[in-house]
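One structure is given below, encoded as structure tokens.
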Amino acid sequence: MDSMTLICTVGLLFVGLYWFVCIHGPAEQKGKRAVDLSGGSISSEKVQDKYDQYWSFFRRPKEIETAEKVPDFVDTFYNLVTDIYEWGWGQSFHFSPSIPGKSHRDATRLHEEMAVDLIKVSPGQKILDVGCGVGGPMRAIAAHSRAKVTGITINEYQVKRAKMHNKKAGLDSLCEVVCGNFLEMPFESNTFDGAYSIEATCHAPKLDDVYAEVFRVLKPGSLYMSYEWVTTSKYNGDNEEHRDVIQGIERGDALPGLRRYDEIAAVAKKVGFEVVEERDLAAPPSLPWWDRLKMGRIAYWRNHIVVTVLAAIGVAPKGTVDVHDMLFKTADYFTRGGETGIFSPMHMILCRKPVDAKSDS
Ligand SMILES: C=C(CC[C@@H](C)[C@H]1CC[C@H]2C3=CC[C@H]4[C@H](C)[C@@H](O)CC[C@]4(C)[C@H]3CC[C@]12C)C(C)C
Ligand SMILES: C[S@@+](CC[C@H](N)C(=O)[O-])C[C@H]1O[C@@H](n2cnc3c(N)ncnc32)[C@H](O)[C@@H]1O
């Protein structure tokens with residue numbers, strides 16, 4: 001190879017890398033780029049320590065970890081993963097069934113719109129997004145329904161990101177974001193005309209606590225819909241492969257313990273809800289929700305190289321490589337959970353607060 005060819009090849013490689021890292025990077029327009037990856041509200045030099053601390057939660061036996069510690073541990077998790085999620089997935093932190101002929105973006109939006117269609121709200125009514133992330137669903141839902149959406153998340157960094165995205169999308173008059181714990185919400189009783197949660201209540205150590213809070217803040221007669229993460233009827237606790245997959249999902253997603261599909265409605269009824277409908281949206285004829293993850297495998301390898309290089313030259317915090325590696329492995333557990341049918345991230349439950357529910361409950 002003569003020197004001219006060598007210079008051109010190296011030059012092209014640099015231009016290609018620059019284009020990918022600084023321009024192309026984000027899964028969504030105006031989203032995170034690889035060069036912007038941070039540890040959320042955690043300062044760069046503490047990311048590695050916080051990641052190690054995150055893992056220590058799983059190293060100790062479950063009985064030692066008390067439920068009170070869970071919100072803090074979930075907050076740490078979202079400081080570590082929020083930027084990587086936004087960069088590699090987009091602003092909606094959830095799965096949706098694949099739809100033939102539709103892009104992932106459209107399939108995601110339709111799954112979100114279904115949530116608000118189910119709770120039957122009118123323009124101008126006030127609804128609650130329980131565990132709102134950086135607000136991808138909230139914006140789609142506000143734009144679709146013209147309802148006023150208040151989102152709550154435990155993670156301060158997500159509040160900042162969500163508010164910024166709401167403003168950029170011109171939806172800040174319909175979307176409000178609050179930092180708080182959904183196990184003790186900072187809202188008056190009987191405030192909302194509807195509520196939904198998308199793949200968020202799986203973080204609650206006891207589902208009763210979050211459902212009771214949603215029940216309290218809803219006006220009598222209004223509806224609540226949740227997409228729950230569950231093990232399905234195909235899950236067999238005596239099967240080592242099944243246990244390995246579910247444990248992999250719990251560890252890679254800050255879950256205190258996945259619930260069985262048949263526990264959800266019982267909890268809803270226990271806190272006072274009437275169960276209107278319950279359905280696993282992942283079950284056939286729905287197409288695989290895990291296809292998107294499976295198809296992205298090559299991109300994740302490429303992302304891993306990018307993150308490793310950026311951390312080595314000090315652009316990304318050092319612990320980012322471990323966080324990315326954890327997500328990379330988790331992706332595989334999801335695929336196994338989906339293919340075996342033992343796990344569903346979209347077990348839908350629709351509940352109503354009875355019209356005659358006491359006004360202070
Ligand atoms: C509801 C929750 C999150 C669900 C999903 C949004 C995320 C679960 C696993 C995540 C990812 C796995 C692989 C990552 C990949 C290695 C990286 O290069 C780019 C980002 C990923 C695709 C990342 C994106 C988000 C997930 C799909 C939980 C936490 C309750
Ligand atoms: C996987 S994300 C889903 C976010 C959003 N629903 C979406 O689909 O994009 C889970 C969300 O639940 C929030 N969360 C978890 N535990 C919480 C708690 N105790 N109080 C408030 N929010 C919580 C997280 O901060 C995060 O925003």
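Everything numeric here is computed off the predicted structure, so don't read it as measured data.
Other residues, nucleotides and ligands contribute more than 12 heavy atoms inside 6.0 Å of the CH2 atom of Trp55. Atom NZ of Lys160 has 12 or fewer neighbouring heavy atoms from other residues, nucleotides or ligands inside a 6.0 Å radius. For Ile298, the CD1 atom is loosely surrounded, since the number of other residues' heavy atoms within 6.0 Å does not exceed 12. Under a cut-off of 6.0 angstrom, the local environment of NZ in Lys126 is crowded, with over 12 non-hydrogen atoms contributed by other residues, nucleotides or ligands.
Side-chain contact between Val217 and Ser189 is absent, with no heavy-atom pair separated by less than 4.5 Å. No side-chain heavy atom of Gln48 sits under 4.5 Å from any side-chain heavy atom of Pro317. Contact annotation: the side chain of Val214 approaches that of Met185 to within less than 4.5 Å [non-hydrogen atoms, C-beta and beyond]. Taking the side chain as every heavy atom from C-beta outward, Glu278 and Leu350 never approach each other to under 4.5 Å. For the pair Ile152/Cys132, no side-chain contact is recorded, criterion being any heavy-atom separation below 4.5 Å from C-beta on. With a 4.5 Å cut-off on side-chain heavy atoms, Val159 and Asn155 do not count as touching. You'll find the side chain of Tyr211 reaches within 4.5 Å of the side chain of Ser226, heavy atoms only. A heavy-atom distance below 4.5 Å is not found between the side chains of Gln53 and Phe73.
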List the steps and the verdict of ring-ring contact (aromatic ring centres under 6.0 Å, His included) for Tyr157 and Tyr78. CA-CA 8 Å; Tyr157 180 68; Tyr78 281 106; over 10 Å; no
Begin from the C-alpha positions of Lys32 and Asp83 and carry the test salt bridge (Lys or Arg N to Asp or Glu O under 4.0 Å) through to its verdict. CA-CA 7 Å; Lys32 275 273 161 186; Asp83 278 355; 3.4 Å; yes
Walk me through it: do Val177 and Asn166 pass the test side chain to side chain contact (heavy atoms under 4.5 Å, CB included)? CA-CA 9 Å; Val177 194; Asn166 290 348; 3.5 Å; yes
Determine whether Leu207 and Arg259 satisfy the following criterion, side chain to side chain contact (heavy atoms under 4.5 Å, CB included), listing intermediate values before the conclusion. CA-CA 9 Å; Leu207 193 63; Arg259 282 173 267 276; 3.7 Å; yes
Yes or no on side chain to side chain contact (heavy atoms under 4.5 Å, CB included) for Val134 and Phe93, after CA distance, side-chain angles and deciding distance? CA-CA 8 Å; Val134 298; Phe93 295 176; 3.7 Å; yes
Verdict with reasoning, Arg216 to Glu213, per salt bridge (Lys or Arg N to Asp or Glu O under 4.0 Å): CA-CA 5 Å; Arg216 180 182 68 77; Glu213 269 298 84; 2.8 Å; yes
Take Arg139 and Gln91 through the test side chain to side chain donor-acceptor pair (under 3.5 Å) and record every step on the way to the result. CA-CA 10 Å; Arg139 286 180 287 283; Gln91 292 163 21; 3.0 Å; yes
Evaluate the criterion salt bridge (Lys or Arg N to Asp or Glu O under 4.0 Å) for residue pair Arg243 and Asp238; output intermediate values, then yes/no. CA-CA 8 Å; Arg243 283 203 312 273; Asp238 296 329; 5.5 Å; no
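Side-chain N or O atoms of Glu184 include none that pairs as donor or acceptor with a backbone N or O of Asn181 at under 3.5 Å. Looking only at distances, no side-chain donor or acceptor of Thr201 sits under 3.5 Å from a matching main-chain atom of Ser197. Side-chain N or O atoms of Ser103 include one that pairs as donor or acceptor with a backbone N or O of Asp106 at under 3.5 Å. With hydrogens and angles ignored, the 3.5 Å screen pairs a side-chain donor or acceptor of Ser286 with a backbone N or O of Leu281. In this structure a side-chain-to-backbone donor-acceptor pair under 3.5 Å is missing from Lys234 to Gly341. With Thr82 contributing its side chain and Asn79 its backbone, the two residues share no donor-acceptor pair below 3.5 Å.
Taken from CG in Leu310 to CG in Asp36, the straight-line distance is 10.0 Å, to the nearest 0.5 Å. In this structure, the separation between CG on Asp75 and OG on Ser41 is 7.0 Å, given to the nearest 0.5 Å. The NE2 atom of His324 sits 6.5 Å away from the CG atom of Leu327 when rounded to the nearest 0.5 Å. Between the CD1 atom in Ile198 and the OH atom in Tyr227 there is a gap of 6.0 Å [rounded to 0.5 Å]. The distance from the CZ atom of Phe328 to the CG atom of Asn303 is 9.0 Å, given to the nearest 0.5 Å. We find the CD1-SG distance between Ile154 and Cys179 to be 6.5 Å, quoted to the nearest 0.5 Å.
There is a path of hydrophobic side-chain contacts, each under 4.5 Å, that joins Trp290 to Leu258. Cluster membership check: Val149 does not share its hydrophobic cluster with Leu171, using side-chain heavy-atom separations under 4.5 Å among Ile, Leu, Val, Met, Phe, Trp and Tyr. Note: the hydrophobic cluster containing Leu223 does not contain Val355 (ILVMFWY, side chain heavy atoms under 4.5 Å, direct or indirect links). Linking ILVMFWY side-chain heavy atoms closer than 4.5 Å, directly or via other members, places Leu293 and Trp301 in a single hydrophobic cluster. Hydrophobic clustering keeps Leu110 apart from Met225 (ILVMFWY residues linked when any side-chain heavy atoms are closer than 4.5 Å, directly or through intermediates).
Side-chain atoms of Tyr261 and Asp280 include no donor-acceptor pair closer than 3.5 Å. With 3.5 Å as the limit, one finds no donor-acceptor pair spanning the side chains of His242 and Gln247.
For Phe95 and Trp89, the ring centers are positioned less than 6.0 Å apart. Between Tyr224 and Phe215, the gap from one ring centroid to the other reaches at least 6.0 Å. Residues Trp289 and Phe343 bring their aromatic ring centres within 6.0 Å.
Contact between Phe182 and Ala204 at its shortest, heavy atoms only, is CE1-CB, 4.0 Å. Here the shortest heavy-atom pairing between Arg260 and Asp262 reads NH2-OD2, 2.5 Å. The two residues Ser222 and Gly194 have their closest heavy-atom pair at CB-N, 4.1 Å. Nearest heavy-atom pair, Pro220 versus Pro354, reported as atom, atom and distance to 0.1 Å: CB-O, 3.5 Å. The two residues Leu174 and Ala142 make their nearest non-hydrogen contact at CD1-O, 3.8 Å. Contact detail for Lys318 and Ala312: the closest heavy-atom pair is NZ-O, 4.3 Å.
Salt bridge Glu241/Arg336: present, at least one basic N to carboxylate O contact under 4.0 Å. At a threshold of 4.0 Å, the pair Glu339-Lys294 counts as salt-bridged, since one of the basic side-chain nitrogens sits closer than that to a carboxylate oxygen. With salt bridges taken as basic N to acidic carboxylate O contacts below 4.0 Å, none links Lys329 and Asp332. Under 4.0 Å is where a charged nitrogen must lie from a carboxylate oxygen, and between Glu176 and Lys148 no such pair does. Taking the charged nitrogens against the carboxylate oxygens, Arg109 and Glu112 have no contact shorter than 4.0 Å, which rules out a salt bridge. No salt bridge links Asp172 with Lys167; every basic N to acidic carboxylate O contact stays at or beyond 4.0 Å.
The aromatic rings of Phe77 and His203 are tilted relative to each other, their planes meeting at an angle between 30° and 60°.
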